[in-house]
Amino acid sequence: MEFGPHLMLAMLEGLVQASVLTLTALGLSLVFGVMRVVNVAHGEFYMLGAVLAWWVTTMLGGNPAIGFVVALVVAPLLVGLMAAAADWLVLRRVEYDPERTIVATIGLLYIIQQVTLMTYGPDAHPVTPPFNTRLALPWYEFTDAGFQIYWPWGLSITSYKLFVIAAAIVTCLGLWLLMARSKIGLILRATQLDSETAQAFGIPVERVFALVFGMGAALAALGAVLVVPIQQAHYLMGGDPLLLSFIVVIIGGLGSLRGTVVAAILIGMSDGIISVFFTPTLAKMLATLLVAMVLVYRPQGLFGAKPA
Amino acid sequence: MKRALPLHLGLIVLLFALQFALPAYHHGNLARIMVMATFAMGYNIMFGYTGLLSLGHAMFFAAGMYGMGLAVTQLGTPVGPAFLIGIAAAFALSLIVGLLALRTIGVAFMIVTLMFSQTLFLTILYFGSITRGDEGFGIKQATRQIMGLDLSDPTIRYFAAWLLFSLTLMGTLWLVRSPLGRVLIAIRENEERARMLGYDTWRAKLSAVLMSGTVSGAAGAAYGVLFGYVGASFAQVPYSIFPLLWVLLGGAGTVIGPLIGALFMFYLIDLSSGVTDAYMLVVGVALVLLTLFAPKGMMGMVRERWLKWLP
Amino acid sequence: MAAVTLLSTRDLCRHFGGLRAVRDVDFDLPQGEIRALIGPNGAGKTTFVSMLCGRIPASSGSITFQGQDVTHLPAHKRISLGMAYTFQITSIFGNLTVYENVALAVQHRLGRDHAALKRETLAALARVGLKARADQVAGDLAYGHQRLLEIAMGLGQEPKLLILDEPTQGLSDGEIEEFIALIREVSANTTVLLIEHNIPVVMALADTITVLNFGEIIAEGTPAEIRANTHVQEAYLGG
């Protein structure tokens with residue numbers, strides 16, 4: 001393939017990755033923003049979403065579309081409930097102390113991952129996409145005959161991947177409506193600004209925290225359900241999303257949802273594009289180092305406002 | 001010091017004597033545990049005494065290990081000088097990481113150290129032609145000689161591990177009783193106050209990172225020399241979590257806590273591996289239970305209840 | 001007798017965003033004096049002394065200590081030159097013992113001399129009446145005793161300038177009497193700068209009073225002069 005169509009393909013693949021990453025990172029960002037804690041087990045909630053999606057579709061059998069739709073609802077819900085329970089049983093008891101929370105969520109990471117290994121097993125399993133039509137895409141060229149549209153071999157995307165992008169956009173809009181327009185959103189924002197004052201005004205902060213922790217995990221799980229027809233479910237699949245979400249949340253400015261979305265698209269796209277043209281190890285290495293440097297020199301993130 | 005010194009010397013003598021009593025399997029384990037406890041003692045200088053929680057100590061362990069290993073395989077250096085090169089590599093890395101990471105505090109510090117460590121791991125993979133990537137490389141038995149002593153021999157290996165452990169234990173004991181050690185504890189307790197007593201807290205924290213990273217690197221180099229293997233898995237996230245776990249379990253900010261934690265965890269995993277392959281589950285459960293119910297660790301509780309003087 | 005000036009500021013300013021907390025302060029503190037700094041809440045007193053000891057940087061202007069420009073020195077270097085600062089909100093090492101708290105203050109001056117460290121630490125504790133509690137964990141002390149511990153830490157540094165930010169807040173009447181006696185004794189060889197709301201304490205101790213309002217010095221003089229000053233009465237005392 002020529003460079004032009006190749007880049008186009010890389011960008012489309014990047015956009016699909018960016019969509020999933022946006023959802024996962026939004027979950028992490030929401031938790032950090034409202035609760036001021038870092039959830040190191042976030043990637044495992046993602047993995048659980050994927051494994052549960054496989055489990056639901058396998059249990060139901062029959063038409064893959066039905067199983068997928070059920071998984072789309074059930075997996076995030078179950079993961080959200082599990083996360084809320086973990087919050088209630090563990091994080092609440094360490095009083096959301098930032099450092100102890102990190103150590104506890106590292107513990108949760110290994111518990112979730114290893115229990116999955118013991119039950120689900122070490123193998124990767126695929127989930128059949130509900131629909132998967134291949135859509136060829138056109139490219140253009142200038143020849144002696146002038147401007148021409150043609151259909152390069154290999155330049156295509158599947159209808160399912162377009163659905164992933166659309167689903168991510170819809171979810172983001174939904175989340176935005178929830179935060180900006182609903183009573184729950186108001187409570188969340190009040191808690192984010194000052195949880196002690198919120199408590200004084202009668203907001204049940206502990207329950208809000210459990211809800212937020214559940215929502216954060218559910219967003220990661222939703223991303224994973226969307227990705228699992230493209231990429232198989234595996235008990236170690238949580239590592240990369242965790243790292244990338246970290247990167248996104250840091251670049252986007254810790255806790256800023258708008259910054260998170262912008263950074264997720266940026267990072268997801270560039271990760272997709274870079275991994276087409278460069279070795280993934282070098283790309284990851286430079287990205288990780290870059291993010292560490294951002295945190296050292298601009299802890300408010302690239303898009304965050306400088307604190308007064 | 002009156003009671004602390006005999007206690008710690010007694011522990012050292014006990015560990016020396018144990019080699020004559022233990023069966024071969026546990027003899028080998030204990031040598032390994034003493035090296036890992038040295039790693040944990042290095043970690044404890046930063047986390048337990050200075051209050052700096054690093055999530056990337058695998059990078060110092062790996063810097064020592066690879067500094068030593070690459071000097072042997074690439075430059076043909078004998079293991080004695082190569083061991084020192086490993087320590088120097090860890091020292092240099094601690095200096096760079098300290099200068100950068102200490103600009104941040106709290107959660108940002110934790111994530112920055114994690115990311116630096118991940119960068120080192122990926123660097124090791126990237127230069128796979130030299131480091132042999134994930135697979136790692138062995139240090140040939142023929143080269144593991146120092147002054148005519150064969151370091152792969154179990155007795156000599158045990159003695160070398162014991163020596164490294166004992167020096168670090170006594171060094172830590174000396175440090176925490178020294179003026180600098182007391183300043184580090186003051187920083188852990190209330191950094192702003194320590195600064196307003198006239199202490200250059202930034203410099204003290206940097207020296208804690210340097211000591212911590214260098215000791216961890218010495219443990220990594222020793223591990224490579226004594227067990228004849230250098231591998232990228234030692235640079236991965238679990239090897240940053242292990243020292244944290246050992247120190248938490250044994251008691252952060254106690255001199256013997258790291259040994260107790262490493263010993264306990266090693267045998268817990270050893271026993272559970274008979275039941276399941278998912279031994280990291282034990283690690284996860286231990287971390288959660290510790291943060292919930294025993295944040296001060298075993299020796300921390302001993303100190304609180306019985307031995308108030310325990311350093 | 002012209003007293004030697006220990007500390008002075010020229011045009012010292014501090015802004016927080018658009019808010020000017022301290023503006024154009026020219027301040028001179030002669031050696032050996034007990035100076036009180038008073039003013040209504042939010043007048044910029046804590047901001048002002050925080051700039052003196054380097055906890056917060058000055059936006060503009062200069063600070064001179066013992067003839068040396070210290071405006072850009074980090075806090076720990078200014079402390080090493082002979083300033084000591086006790087916090088308005090009690091800031092001690094709560095998990096360490098009372099002895100260890102003061103020992104940390106003394107150690108910076110004495111270094112490795114064990115015998116002297118012990119002697120001077122216990123001496124500082126004795127002066128505030130906490131010697132009997134040396135082995136208690138500092139966080140377990142009653143609030144008033146924690147305030148005294150703060151002062152003991154200040155004394156342990158043997159500073160040339162002792163800055164006390166509302167030291168009598170939360171002390172009982174009896175403790176305040178002892179505090180006044182203690183500061184009189186300390187002032188024999190230490191200059192004292194005192195932020196204080198308790199006017200009887202100020203009147204009993206201060207050689208000179210500086211009044212700060214909206215970040216500016218509005219009056220300075222002996223207790224009698226300040227008492228008679230109508231500006232001050234309007235801004236503060238008469239309130």
Side-chain angles (χ1 to χ4, degrees), chain A residues 32 36-38 40-41 44 86 89-94 97-119 121-122 235 239 242-243 246-247 249-250 254 279-300, chain B residues 47 51-53 55-56 97 99-128 133-134 236-238 240-241 244-245 247-248 252 272 275-293 295:
Chain A
F32 185 85
R36 294 279 136 191
V37 297
V38 176
V40 185
E44 304 314 307
L89 292 175
V90 181
L91 301 197
R92 188 173 60 103
R93 291 181 186 217
V94 300
D97 174 86
E99 298 197 345
R100 287 173 72 192
T101 298
I102 287 195
V103 177
T105 51
I106 291 172
L108 285 177
L109 181 160
Y110 286 119
I111 293 174
I112 296 172
Q113 185 188 82
Q114 299 292 310
V115 168
T116 309
L117 171 64
M118 287 160 71
T119 51
Y235 83 103
L242 175 69
L243 189 67
F246 261 155
I247 294 177
V249 171
I250 289 164
L254 292 167
T279 69
T281 309
L282 182 64
K284 264 199 221 170
M285 189 175 114
L286 295 177
T288 313
L289 187 62
L290 188 74
V291 169
M293 289 307 194
V294 167
L295 207 47
V296 168
Y297 288 101
R298 257 189 86 87
Q300 72 275 26
Chain B
F47 172 59
L52 293 167
L53 204 165
L55 287 181
V97 169
L99 287 173
L100 291 170
L102 285 176
R103 297 173 60 107
T104 65
I105 51 168
V107 169
F109 182 82
M110 298 162 76
I111 298 176
V112 165
T113 47
L114 179 77
M115 297 245 159
F116 278 134
S117 187
Q118 196 64 12
T119 305
L120 181 71
F121 167 67
L122 292 166
T123 309
I124 291 169
L125 291 193
Y126 185 69
F127 292 100
D134 265 331
Q236 265 183 300
V237 178
S240 291
I241 305 303
L244 169 66
L245 175 63
V247 167
L248 273 178
S272 69
V275 186
T276 168
D277 288 338
Y279 69 90
M280 287 300 284
L281 179 63
V282 181
V283 173
V285 172
L287 281 172
V288 171
L289 291 181
L290 277 171
T291 37
L292 278 181
F293 301 112

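FYI, side chains are in, hydrogens and waters are out, and symmetry mates aren't considered; it's all heavy atoms of this structure. Letters A, B, ... are given to chains in the order of the sequence lines, protein chains preceding strands, and every chain is numbered from 1.
With chain A as partner, the option from B:Val237, B:Val282, B:Thr113, B:Thr104 having the largest number of non-hydrogen pairs under 4.5 angstrom is B:Thr104. Of the listed residues (A:Val296, A:Val40, A:Ile102), the greatest number of heavy-atom pairs within a distance under 4.5 Å of chain B belongs to A:Val296. When each of A:Val291, A:Ile111, A:Leu108, A:Thr281 is scored by its heavy-atom pairs under 4.5 Å with chain B, the top score falls to A:Ile111. Interface check for chain A: of the options B:Val112, B:Leu289, B:Leu102, B:Leu120, the most heavy-atom pairs under 4.5 Å are formed by B:Val112. Contact tally against chain A (heavy-atom pairs below 4.5 Å) for B:Ile241, B:Leu245, B:Leu125: the top residue is B:Ile241. Note: A:Leu282 leads A:Leu282, A:Val94, A:Ile247 in heavy-atom pairs under 4.5 Å with chain B.
The part of B:Met110 that comes within reach of chain A is its side chain, from C-beta onward, which places non-hydrogen atoms under 4.5 angstrom from that chain. Both the backbone and the side chain of A:Val90 come within less than 4.5 Å of a heavy atom of chain B. The contact between A:Leu89 and chain B is made entirely by backbone atoms, counting heavy-atom distances below 4.5 Å. Interface remark: B:Pro295 contributes side-chain atoms only to the contact with chain A (heavy atom separation under 4.5 Å). A:Leu117 touches chain B through its side chain: at least one heavy atom from C-beta onward sits under 4.5 Å away, while N, CA, C and O do not. The parts of B:Leu281 that come within reach of chain A are both its backbone and its side chain, each placing non-hydrogen atoms under 4.5 angstrom from that chain.
Side-chain contact check for A:Val38 versus A:Phe32: some heavy-atom pair is nearer than 4.5 Å. Considering only heavy atoms from C-beta on, B:Phe109 stays 4.5 Å or farther from B:Leu53 through its side chain. You'll find the side chain of B:Leu55 reaches within 4.5 Å of the side chain of A:Ile106, heavy atoms only. For the pair A:Tyr297 and B:Leu100, the minimum side-chain heavy-atom distance is below 4.5 Å.
Not a single side-chain contact (heavy atoms from CB on, under 4.5 Å) links A:Leu290 to another residue, sequence neighbours left out. With sequence neighbours excluded, no residue satisfies ring-ring contact (aromatic ring centres under 6.0 Å, His included) with B:Phe116.
Shown here for A:Tyr110 and B:Gly284, the closest heavy-atom pair between the two residues is CB-CA, 3.8 Å.
Atom CD1 of B:Ile105 has 12 or fewer neighbouring heavy atoms from other residues, nucleotides or ligands inside a 6.0 Å radius.
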